[in-house]
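Presented below is the structure to which this report refers.
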2 protein chains.
Amino acid sequence: MIADPAAHREIPDATVARLPQYLRALSDLAERGVASVSSEELATAAGVRSAKLRRDLSHLGSYGVRGVGYGVEMLAHEISRELGLTQEWPVAIVGLGNLGQALAAYLGFATRGFQVVALLDRDPEVVGREIAGMIVGSVDDLERIVIERGVAIGVIATPAASAQQVCDRFVAVGVGSVLNFAPCVLSVPQGVDVRKVDLSTELQILAFYEQRKTPADQERVPLLEVAP
Amino acid sequence: MIADPAAHREIPDATVARLPQYLRALSDLAERGVASVSSEELATAAGVRSAKLRRDLSHLGSYGVRGVGYGVEMLAHEISRELGLTQEWPVAIVGLGNLGQALAAYLGFATRGFQVVALLDRDPEVVGREIAGMIVGSVDDLERIVIERGVAIGVIATPAASAQQVCDRFVAVGVGSVLNFAPCVLSVPQGVDVRKVDLSTELQILAFYEQRKTPADQERVPLLEVAP
DNA sequence: TACTGTGAAGCTATTCACAGCG
DNA sequence: CGCTGTGAATAGCTTCACAGTA
């Protein structure tokens, strides 16, 4: 009986969410020819505290050397493996408005580990056009295309009104991970993961803190100080 | 006599990050003419548990009615106020590649509380073009434009190599909040807030969980054979 | 010596469960 | 009664501080 060292490790969600940052910092270091890095240096490059970095990495195993630091290439490889980037994940993008086109262009050449295998839209004006080197298909063929091309991750860049329907169709044919850019909540069965990216949410969060920062005398337009 | 309920309350970061979701759910309800909503219903609409919703709202004050629920319009207004959306925040977008253009178009008409007052790019081919009804200016004029137009929030959609420099220039002329779409860590002085949106980070997180779901050596295969 | 990996402490967030009120 | 608001319990995350080690 052989125990896989990673098999029974539970990696905390908060740690998983930071692994990509560490990986990017390590890639930058590797490009600059750095062979070894301390937790202090890597933490700075990734924008976290060194104690947090060490705790995070300890969940993956003991890949550091006491008194020295971490091997850049080796640690990058371990994190890549942990994140599942040693394989190529087939991705489909649905909705090729402004945002969908930008995502298609970005994913087309800027990311390892992912391959865009389908672009789908509902608008007949858009279907058939070439975007980022790929022909846009009809969303009517979603099920067939997802199955044929083994899509694992679905990206939704449609208007909010269509997002749940597209999501349901993804889920029905076995897509287990969805990245949602539509400004709405998606409901999915247990076992399916959804992550949401939302520009206006981010701006609103910034506005909250900006408001707290702005001294009272600098306050801008008071829209609603009307006496009843 | 009633003391200002929000004046000295510390609202937890996790709560702030969810307020936009609640606001969106409330806006949807208001559009459908719903006047009152229970924590259970609103929580479902926002994709959280009702206990969490009630705890979150309790940080804003007591805006519910026991035995009844929350007034939709009233709660929406309170959250808007708390988020600082009763004023318009002037936003500048730097970098008008695919993504920057998509952001400009989105912000141009899809969001209340924010007004795009400047689009800036470095490329002379792009400067002078009209995007989403606004003429692109030169990034050389960043300082002047930020000051003249009172920019409070800077959006960075440049390549990673330019992002820190643009950020520094924003900060130097008083921009206190930055939304960063470039795949890199920005360092800023204390008191400046940065939020990051990163497509490949999100995909990598999904890949991690997707990999965990797919049993070890089980290759990803179509769920259904292709029908003849 | 200079660093990692980690027990323990402290802090933040979530959830339970029900008192309290309309 | 039905629902909110919250004390208390729990779970999860971060930080400290240092034992342990190449």
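Letters A, B, ... mirror the listed sequences (proteins, then strands); counts begin at 1. Computation of the quantities below employed the complete heavy-atom set of this structure, encompassing side-chain atoms and omitting hydrogens, waters and symmetry-equivalent molecules.
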The contact string for nucleotides 17-22 of chain D, one letter per nucleotide 5' to 3', using protein heavy atoms under 4.0 Å with B, S and - for base, sugar-phosphate only and none, comes out as B-BBBB
At less than 4.0 Å, is any side-chain N or O atom of B:Y63 found next to OP1 or OP2 of D:dC3? Yes or no.
no
Can you give the donor-acceptor pairs under 3.5 Å from side chains of residues 151-161 of chain B to other protein atoms, not counting sequence neighbours?
none

Salt bridge or not between B:E40 and B:R54? Use side-chain N to carboxylate O under 4.0 Å.
no
How long is the line joining CG of A:L53 and C1' of D:dC13, in whole Å?
15 Å
Under the salt bridge (Lys or Arg N to Asp or Glu O under 4.0 Å) definition, can you give me all pairs with a residue in residues 60-76 of chain A, not counting sequence neighbours?
none
Could you tell me how far apart A:H59 (NE2) and D:dT14 (C1') are, to the nearest whole angstrom?
10 Å
Using heavy atoms and a sub-4.0 Å distance, could you list which residues of residues 26-49 of chain B are near DNA chain D? By number, please.
B:S38, B:S39
Between C:dT12 (C1') and B:R55 (CZ): distance, integer Å:
12 Å
Between A:Q211 and B:Q87, what is the shortest heavy-atom contact and its length?
NE2-NE2, 4.1 Å
How close or far is atom C1' of C:dT14 from atom CG of B:L57, stated in whole angstroms?
15 Å
Round to the nearest Å and state the distance from A:L75 atom CG to C:dT4 atom P.
11 Å
All N/O donor-acceptor pairs, side-chain side in residues 184-195 of chain A, below 3.5 Å, sequence neighbours left out:
unit_1	atom_1	unit_2	atom_2	d
A:D193	OD2	B:K213	NZ	3.1
A:R195	NE	B:E202	OE1	2.4
A:R195	NH2	B:E202	OE1	3.2

Between P of C:dA13 and CG of B:D56, the distance in whole Å
10 Å
For the residue pair B:A25 and B:A45, what are the closest heavy atoms and their distance?
CB-CB, 4.0 Å
What salt bridge (Lys or Arg N to Asp or Glu O under 4.0 Å) pairs are there with at least one residue in residues 19-37 of chain B, not counting sequence neighbours?
A:D198-B:R24
Testing the basics here: between A:S58 and A:R55, what is the closest heavy-atom pair and its distance to 0.1 Å?
OG-O, 2.6 Å
To the nearest Å, how far apart are B:K52 NZ and C:dT12 P?
17 Å
Could you give the CG-to-P distance, from A:L60 to C:dG5, as a whole number of Å?
10 Å
Are B:F114 and B:V116 close enough that some pair of their side-chain heavy atoms sits under 4.5 Å apart?
no
